[in-house]
Amino acid sequence: MKEVTEIKDDEIIYQSAPVAHDPINHPKHYTSQPSGIETIQITRHMNFNRGNAVKYLMRAGLKDPAKEVEDLQKAAWYIQDEIKRLSQE
C-alpha cells in the first residue's frame, strides 16, 4: 500500500514504500483502502459526526469481517445524528 505524503494543488503525492503494520499509528483497518489514503487524512478535516461516519464506512468489514453490517449501522447513526444537529440550527 502507498501512503499519501502530501496533497498539493489537488495532486496527491504518494510515498513509494509500503506502510509497515503499526497498530497504534497506522492500523491496518484504516490503511487498507486501495486508494492508499489513510482514513485520518480525510476525517481530520471534518466535524465529529461526519468524520466518524466516514471512518466507519471506510473500515466496514476490515477491522472485523463479522461486524461489517454493524460498522455500516454505526456510520448511518452518525449521519442521522448530524442531520438532527443541522435541523436544529
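Along the sequence shown, residues carry numbers from 1. Scope of the values below: all heavy atoms of this structure, side chains included, with no hydrogens, waters or symmetry mates.
- Every pair passing salt bridge (charged side-chain N to carboxylate O under 4.0 Å, His left out) that includes a residue from residues 57-66 is listed here, sequence neighbours excluded: Arg59-Asp71.
- Sorted by first and then second residue, the salt bridge (charged side-chain N to carboxylate O under 4.0 Å, His left out) pairs involving residues 40-55 (not counting sequence neighbours) are Arg50-Glu82.
- Every residue meeting the side chain to side chain contact (heavy atoms under 4.5 Å, CB included) condition with Ile42, not counting sequence neighbours, appears here in chain and number order: Ile37, Met46, Val54, Met58.
- Considering every non-hydrogen atom in both Ala53 and Ala75, the closest pair reads O-CB, 3.6 Å.
- Using cut-offs of 30° and 60° for the angle between ring planes, the Tyr78 and Tyr56 rings count as parallel.
- The CD1 atom of Ile40 sits 9.5 Å away from the NE2 atom of His45 when rounded to the nearest 0.5 Å.
- In this structure, the side chains of Asn49 and Ile79 stay at 4.5 Å or more apart for every pair of heavy atoms.
- Here the side chain of Gln41 pairs a donor or acceptor atom with the backbone of Glu38 at under 3.5 angstrom.
- The heavy-atom pair separating Thr43 from Gly51 by the smallest distance is CG2-O, 3.2 Å.
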